[in-house]
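Working notes, beginning with the structure itself.
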Amino acid sequence: MCGSDSRESYGEVVQQMVVAAARLSQEVGMLEEDVLVDQSRRKRERDSEKSRADIEAAVRTTRLACHMASGPTAPSSAASKLMTAANTLKETCSRTVASALRTAGQHRRALEQAQRMEQEFVSLMTGQRSVDGSLAADSDDCGEEETEGEESTRMRRYSSSAKLTADVNPTGVLFAEKPASPSVRRGSQSSWSLVKEAPVVSGATAQQLVTWLTYHRAIDAEFADTFLLTFSSFMTSEQLLTSLISRFSVTPPHQLSKREREAFLTDILIPIRLRVVHGLQVWIAGSYDDFKEGNSTRSLLNKFLNTVESFLPACSQQLRRTLATNVKSGPSHLHASPTGKPPSSLIPPDLTSSHASSHTSFDLLDVNSLELARQLTLTFSYILRQIRPCELLSLGWREEGTAGLCPNISLFQFMSRKMSGLVGREVVRETVDEDRASVISYFVETAKSCRELKNFAGVFAITDGLSQSSVGEQDQAWQLVTDHLLRVYRDLQALVSPDNSYHRYRHDTRVIHQSPIVPHLSILLSDMEEIDKTLTDYLPHSPEKVVNFSKRRVQAGLVRQLQRWQSTPYNLTPVDIMQKYIRELPADSPPDTEDER
C-alpha cells in the first residue's frame, strides 16, 4: 500500500515544503521590518505565530500517520489517514505561502521604495535624484504602471506634490544662478537615464537648511557634506539634533485617504527618515566631540535612537556602532594607520632613557639633523590631526583670550613660535663664529630635511628663526657657511616668501597627493580670515536670519583641505627623549597670544 522508499521520498518533499514556507515567511517579515508601522507589525507577528503553530501541528499529525502506516501490520486505513494528513499539511503550507505573498503584495510599493532608499543610504547619498523627484523608469514596469488605474495615478500625483504640515516650505531656500548640467543615474534594472544636477543653495534659514538636508524629493550630496562641516557657525549641536528629530517625526495631513496615507509613507516619510539617519551617520563620524559621554547632545541622541529602533532597527544599530567607534577612537578620517616598516632611528646610542627625566645636559647638535626633522614632523603632525572643523570656523585665534575656541590651532602656532625661538637662541648663545656657523648649518640641514618630509610648518619655523635680526647680524658666521648650504637656505627663503600670496608654497602643497604633509597653518588661517571679511554671515535685507550658505561653501572647501592633510599619517618612530625635549621647549609667550604671521 505504501512502500518504505515512497514514504521516505514523500517525507523529504513534505519537509522541504515546510522549510520553504517558513523561509519565505521569514524573508517577507525581514523586508517589512523597517517599513511597517507598529500596529501592522504586531498583526504580522500574530499571523506569523499562528501560521507556524498550524504548520507544526500539521507536521506532527503527518509524521504520526506516516509512523502508523509504516508498520508491518498496518491496516489499510492507515495509508488513507497518511494521505489525509499530508493533504492537510500541503493546504497549511499553501495558506502560509499565500498569506506571505498577500502581505508582500499589500506592501509592494513600500518595499520597492525602501530598497531604493537603502541603496541611496549605503552609497552615502552619492547618487542624484532630479529636483522634481522623478526616477528612471524601467521598461519592464511600463505595462504594470498603465494597469494601476486612475486612483494610483492620483496617488502618485499627490505624493510628488505633497506639502507636509510639519515641513518648512522648501521653496524658501534661495538657489544660485547656475545652469543645470546633465549627469547619469543608474536605474534598478541597469537602465540609464539623464537627470538634472541638484541646484546650488545660496541661502536659507537654519530650519530651511535642515529641511533641504532631509528633503524627500532631492538628493544633494555636496550640500549635505558642506552643511555638516559648517553648521556650527550658525546653530548649536543641540539645535541641529532637535531639528533632525522633528524631521524624523513628521506626520501626514489629516484629510488623506487610506491609499494616500500609504503613498505618504512610501514616498515621503521613508525617504525623510533615511536621510535623517544618513545625516546623523555622517555627523557622528566627523564630529565625535559633539557626542561625548555626559554631553547634553549625547543624552538627547540616546533617547532618539530608541525611537529609531522602533522604525528602523538596522539603522539604529549602525548608528550605535558608529557612535561607539568614533567617540572612542576619533573621527573616521583619522583611522588610517601607516603601512610598512618605519626607518630606523638615528639617535646616538649614548643618549639613553636616563635623559628622559631631564634635558639639562642634552646637546641638540649631538642629534642627526634628519632625526630632529623627523621628530619635529611627528610633533606637528600629531597636533594637526587633532584640529576640528569648528576650530577653523570659530576664528578664535584672531583675538587674545579666545584660544579656548581653537585649542589645537593655538597649540600648533605656539609650537611653531617655540621652534623659531630655539633656533635664534642656539645660534646667539655661541661665542665663536665657527660654532655659530655650525649651528646655522645644522638648522639649514634640518629645514631641508623638513621640506623633504613635507613638513612645511617646520620649514617656516626654522627659517623664521634664522631670519631673526639677532641671527642675521652674525655676518662673520654666515660667511663661514658653505656655498651649498647657502644655496639651500636661499631656496628655502623663496619657498616661504609671501610674494604673490605665498605662490611658491601654495604650488608645492597643491601638487602633493596621497602623501603625509604638515602645512604652514597660518596661511590657511589667513584665508579663513579673508573669507570672513569678504562675505557676511547672513544675507542682508531679509526679514529672517537667512544664512549665507555661499560663504559656508567656501569655508567648507578650506575645512576639506585641512581634512586631506590630516588623513595620512607619517610612518616614523617617535623617540621619547626627543619628543619630551620638543614639548618642553621654553616659550617667549603664552599660547593664547596672537600668532605672528
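Just so it is clear, the structure is predicted and the values come from calculations on it, not from any experiment.
- A side-chain donor-acceptor contact under 3.5 Å links Thr214 to the backbone of Val210.
- Separating the CD1 atom in Ile383 from the CG atom in Leu411 is a distance of 4.0 Å, to the nearest 0.5 Å.
- Applying the side-chain contact (heavy atoms from CB on, under 4.5 Å) criterion to Arg320, with sequence neighbours excluded, gives Leu305, Asn306, Glu309, Ser316.
- Using a 4.5 Å heavy-atom threshold, the side chains of Phe234 and Lys545 count as separate.
- Side-chain contact check for Glu293 versus Arg298: some heavy-atom pair is nearer than 4.5 Å.
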Applying salt bridge (Lys or Arg N to Asp or Glu O under 4.0 Å), run through Arg388 and Glu391 and close with a yes or a no.
CA-CA 5 Å; Arg388 297 165 296 159; Glu391 294 188 47; 3.5 Å; yes
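- Remark: Leu274 CG to Leu312 CG distance equals 6.0 Å, nearest 0.5 Å.
- Taking 4.5 Å as the limit, every side-chain heavy atom of Arg552 sits out of range of all side-chain heavy atoms of Leu393.
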Verify side-chain hydrogen bond (donor to acceptor under 3.5 Å, both in side chains) between Gln555 and Thr230, making sure each step is shown before the conclusion.
CA-CA 8 Å; Gln555 290 176 326; Thr230 63; 5.9 Å; no
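- Within the 4.5 Å cutoff, no side-chain heavy atoms of Glu260 are placed close to those of Pro253.
- Considering CD1 of Ile245 and CG of Leu280, their distance stands at 8.0 Å, rounded to 0.5 Å.
- Put simply, the side chain of Phe412 reaches to within 4.5 Å of the side chain of Val518, judged on heavy atoms.
- Here the rule is side chain to side chain contact (heavy atoms under 4.5 Å, CB included) with Met528, and of Leu395, Leu562, Val554 only Leu395 fits it.
- Annotation: the span from Ile272 atom CD1 to Leu213 atom CG amounts to 11.5 Å, rounded to 0.5 Å.
- Residues Val200 and Arg553 have side chains in contact (heavy-atom distance under 4.5 Å, counting atoms from C-beta outward).
- Between Phe231 and Trp283, the gap from one ring centroid to the other is short of 6.0 Å.
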Stepwise salt bridge (Lys or Arg N to Asp or Glu O under 4.0 Å) check, Asp225 with Arg560:
CA-CA 10 Å; Asp225 183 54; Arg560 293 188 191 99; 2.6 Å; yes
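- Here Phe304 and Phe248 bring their ring centres to under 6.0 angstrom of each other.
- Cation-pi contact between Arg273 and Phe311: present, with separation from the ring centre below 6.0 Å and deviation from the ring axis of at most 45°.
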Salt bridge (Lys or Arg N to Asp or Glu O under 4.0 Å) evaluation trace for Asp532 with Lys551
CA-CA 8 Å; Asp532 187 64; Lys551 175 179 180 176; 2.9 Å; yes
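- In this structure, Phe549 and Phe223 have tilted ring planes: the angle between them lies in the 30° to 60° band.
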Which is it for Glu238 and Ser296 under the side-chain hydrogen bond (donor to acceptor under 3.5 Å, both in side chains) test, yes or no, and what are the steps along the way?
CA-CA 7 Å; Glu238 194 164 352; Ser296 60; 3.2 Å; yes
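- In this structure, CG on Leu301 lies 10.5 Å from CG on Asp290, to the nearest 0.5 angstrom.
- A 4.5 Å side-chain heavy-atom check between Gln318 and Cys315 finds every atom pair outside the cut-off.
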side-chain hydrogen bond (donor to acceptor under 3.5 Å, both in side chains) between Glu222 and Thr226: does it pass, once the steps are laid out?
CA-CA 6 Å; Glu222 186 274 337; Thr226 299; 3.1 Å; yes
Show the numbers, then the answer: is there a side-chain contact (heavy atoms from CB on, under 4.5 Å) between Leu229 and Gln563?
CA-CA 11 Å; Leu229 282 176; Gln563 291 180 336; 3.5 Å; yes
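- Contact of the Asp537 side chain with the Asn548 side chain is not registered, since no non-hydrogen atoms from C-beta on lie closer than 4.5 Å.
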